[in-house]
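Input: a single structure, listed below in structure tokens.
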Number of protein chains: 2
Amino acid sequence: MAVTMKDVAKLAGVSPSTVSRVLNNSSLVKEDTARRVMEAVKKLNYEINDQARILRTNSSRLIGMIGAGMENPFLAKVLKGVENEARQRNYNIIYGDSDGELKLELKFLKIMKQRKIDGIIIISANIYSSLLEKVKESEIPVVFGSGYINDPDISCVTVDNVTAAYEAVDYLVNNGHKKIGVIQGPYSDAVASAERIKGVRLAFRNHGIELDDKLIAEGDYTFESGYTGAKELLSRNNDLTAIFAFNDEMAIGAIRYLQESGISIPRDISVIGFDGIDLSKFVKPALTTVEQSGYELGSKAVEMLDSLIQGKPLSNNKIFIPHKLVERESTEMHFGEVVGKRR
Amino acid sequence: MAVTMKDVAKLAGVSPSTVSRVLNNSSLVKEDTARRVMEAVKKLNYEINDQARILRTNSSRLIGMIGAGMENPFLAKVLKGVENEARQRNYNIIYGDSDGELKLELKFLKIMKQRKIDGIIIISANIYSSLLEKVKESEIPVVFGSGYINDPDISCVTVDNVTAAYEAVDYLVNNGHKKIGVIQGPYSDAVASAERIKGVRLAFRNHGIELDDKLIAEGDYTFESGYTGAKELLSRNNDLTAIFAFNDEMAIGAIRYLQESGISIPRDISVIGFDGIDLSKFVKPALTTVEQSGYELGSKAVEMLDSLIQGKPLSNNKIFIPHKLVERESTEMHFGEVVGKRR
DNA sequence: ATGAAAGCGCTAACAT
DNA sequence: ATGTTAGCGCTTTCAT
């Protein structure tokens with residue numbers, strides 16, 4: 001079998017405890033013995049057995065992350081932020097992709113508990129219902145990253161969805177748009193999508209515009225659903241001048257449908273997205289979008305979680321990361337009805 | 001502390017060994033005692049401590065995956081395939097994103113070894129040099145997933161890069177293109193990019209076309225580098241009729257640059273990508289590309305690795321996943337020089 | 001069919 | 001400053 005501490009101890013002529021002390025650079029070990037131990041480590045090519053250490057210390061330096069759909073580039077950035085910040089802090093990540101299925105999320109939670117993770121980060125739309133309950137009763141430190149959780153015990157970090165969506169609509173209205181279609185997330189998404197809808201409604205109300213249900217289509221954050229969402233909206237409203245999609249992929253899918261239908265963007269219809277993924281700069285027309293940093297979200301989540309794990313209470317356990325409306329080519333001013341302009 | 005096997009044993013009136021047996025549904029335990037044990041498990045809400053089991057059995061059911069750049073949607077699909085297949089087989093994934101830095105990859109390898117991973121999957125361009133050496137000497141079962149590894153001991157699964165690139169060029173030439181620019185991966189990428197260049201050269205040679213170095217630009221698989229790569233190619237060759245980019249992102253970045261320069265696609269220049277990410281269907285013009293399935297690559301890698309871990313030798317340790325040229329809107333026939341057609 | 005006992009490799013009192 | 005001892009929670013011979 002592999003080299004153990006005992007082997008190192010024997011070679012260095014000390015006890016295993018001393019080796020352990022050296023490796024954890026703990027309480028004063030004589031410099032000379034430390035050197036001897038390190039030499040033995042080198043010579044034997046010794047590498048500590050983390051699993052034994054974990055069992056003994058009851059600390060796995062493992063953070064679980066449950067996310068819904070890694071092919072979403074925004075989530076990928078979050079994961080990257082998590083992974084990077086975690087590594088700086090000497091944690092490793094064990095990732096589970098639930099695709100938004102509650103059943104899978106619960107399964108991951110169980111697996112991760114058994115693996116004795118030190119904490120967990122959850123980026124999911126299913127944060128009400130049983131998942132939240134199970135997490136709370138598991139007593140594992142947790143940070144949610146998909147929206148605002150209205151529970152004082154639960155830490156979360158997220159963009160301010162309500163305000164951000166409000167600003168997107170506000171921007172469109174200020175540019176002369178009154179007939180604005182929305183492609184939202186799945187109805188089952190009780191967090192990000194629900195919060196954004198709230199912001200949309202607020203903006204409409206404040207501008208004295210009615211938000212007819214005909215103006216809302218359901219999507220699932222994929223290109224495809226943006227495509228079909230736009231189709232749906234167009235068929236139900238022949239006077240649309242703008243579309244707000246709840247992520248960039250859907251916005252791009254929508255643009256694709258509009259272009260195929262011979263509709264010019266932004267001349268005929270303005271389109272605005274959400275997230276600001278890398279791609280948004282490179283599509284044609286370049287996408288106007290509400291930008292947020294997934295990387296920052298991820299690293300912030302780890303920062304918070306690390307505090308929680310160390311038992312340090314957070315002075316603020318509800319954190320908003322910044323967002324910014326970035327104006328590019330897919331939106332423009334709308335100057336009232338122009339006869340025969342379209343269709 | 002948490003509930004242990006001992007607690008369960010006491011409640012069920014049996015010994016810990018029996019509980020262990022029941023939990024591993026091992027050698028005949030009387031049905032009645034098994035039921036009693038399971039009842040106790042339920043009642044106490046007992047969950048096994050994986051870390052203790054790992055220490056004892058020396059099997060962590062953990063697979064390490066080292067990848068370079070998760071924001072690459074193709075890699076994201078690979079990870080998803082890995083994660084899914086792994087879960088079916090009762091493994092968990094511990095993922096490290098090296099961003100292609102060899103130093104980080106070596107660090108991850110070390111960390112993962114200490115965590116006693118059962119096997120490792122590496123999707124990286126740095127597979128020659130020290131990484132391959134270190135992995136071999138670590139004796140951890142490994143599967144490479146970024147290209148063909150010319151070492152009989154090393155298992156790999158990949159698209160057939162040489163043939164796929166050959167076919168892309170072949171397709172362009174058969175469509176009348178003679179001046180074809182290439183945006184390749186980083187020079188440091190000794191695998192996928194190098195193999196594809198090989199295929200490109202082969203195709204050129206077989207068609208009796210010279211491959212001038214002026215026709216090759218270096219990219220790094222990002223949109224940006226596709227954009228600047230196209231710029232570079234155009235500035236050096238004013239008679240280009242086609243561009244082959246080594247992934248879809250670069251192809252899309254290239255298209256963006258061309259469009260900004262008033263060049264029409266595919267009328268003036270045809271563009272072909274590689275990978276077939278979801279997005280390729282939804283950009284305008286939709287991208288012609290060499291499609292491969294990242295998901296399949298990932299799941300296949302786990303399948304192979306699982307065999308290796310179980311000590312079952314692979315009948316074939318070099319596997320190619322299928323690829324297919326998908327013709328969409330970004331390429332078309334080229335009919336010789338048309339004066340004043342462009343610029 | 002079940003229990004007793006040993007031990008995986010490490011750390012942390014406690015003792016010296 | 002270092003060694004001795006016990007034990008983390010589990011599995012696995014070896015008995016019975």
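Letters go in sequence order (proteins before strands), and every chain restarts at 1. Keep in mind the model is a prediction, meaning the values are calculated, not measured.
The nearest whole Å value for the distance from the CD atom in B:Q51 to the C1' atom in D:dT11 is 15 Å. Residue A:L55 contributes atom CG, which lies 17 Å from atom P of C:dG7 at whole-angstrom precision. Atoms CD1 (A:I54) and P (C:dA12) sit 14 Å apart, rounded to a whole Å. One can place NZ of A:K116 at 12 Å from C1' of D:dC10, the figure rounded to the nearest angstrom. Rounded to an integer number of Å, the gap from CZ of B:R21 to C1' of C:dG3 is 8 Å. D:dC10 atom C1' lies 11 Å from atom CG of B:L23, rounded to whole Å.
Each of C:dT11, D:dT12, D:dT2 was ranked by its minimum atom distance to the side chain of A:R53; first place goes to C:dT11. Here D:dT2 is the nucleotide among D:dG9, D:dT2, D:dT11 with the atom lying nearest to any side-chain atom of A:T18. With distances taken from any side-chain atom of B:T4 to the nucleotides D:dT4, D:dC10, C:dC10, the minimum falls on D:dC10. Relative to the side chain of A:M5, the nucleotides C:dT11, D:dT12, D:dT2 differ in distance, and C:dT11 lies closest. Counting only heavy atoms from C-beta on, A:N24 has its side chain closest to C:dT11 among C:dT11, D:dG3, D:dT11. Residue A:R56 places its side chain closer to D:dC8 than to any other of D:dG3, D:dT11, D:dC8. Side chain of A:A52, nearest nucleotide from D:dT4, D:dT11, C:dC10: C:dC10. Relative to the side chain of A:N49, the nucleotides D:dG9, D:dC14, C:dC10 differ in distance, and C:dC10 lies closest.
Salt-bridge check for B:E85 with B:R89: passed, with a basic side-chain N closer than 4.0 Å to an acidic carboxylate O.
One N or O donor and one acceptor, one from the side chain of B:S17 and one from the base of C:dA4, sit under 3.5 Å apart.
Counted within 6.0 Å of NZ on A:K113, heavy atoms from surrounding residues, nucleotides or ligands total more than 12; the atom is thus considered enclosed. For A:K116, the NZ atom is densely surrounded, since the number of other residues' heavy atoms within 6.0 Å is greater than 12. For B:K318, the NZ atom is densely surrounded, since the number of other residues' heavy atoms within 6.0 Å is greater than 12.
Looking only at distances, a side-chain donor or acceptor of B:D7 sits under 3.5 Å from a matching main-chain atom of B:T4.
Distances shown here put every side-chain N or O of A:S15 at or beyond 4.0 Å from the OP1 or OP2 atom of D:dT2.
Taking the nucleotide of DNA chain C with the nearest heavy atom to each of B:T57 and B:T33, the more 5' of the two is matched to B:T33.
Counting any heavy atom pair closer than 4.0 Å across all strands shown, B:I48 reaches sugar-phosphate atoms only and no base atom.
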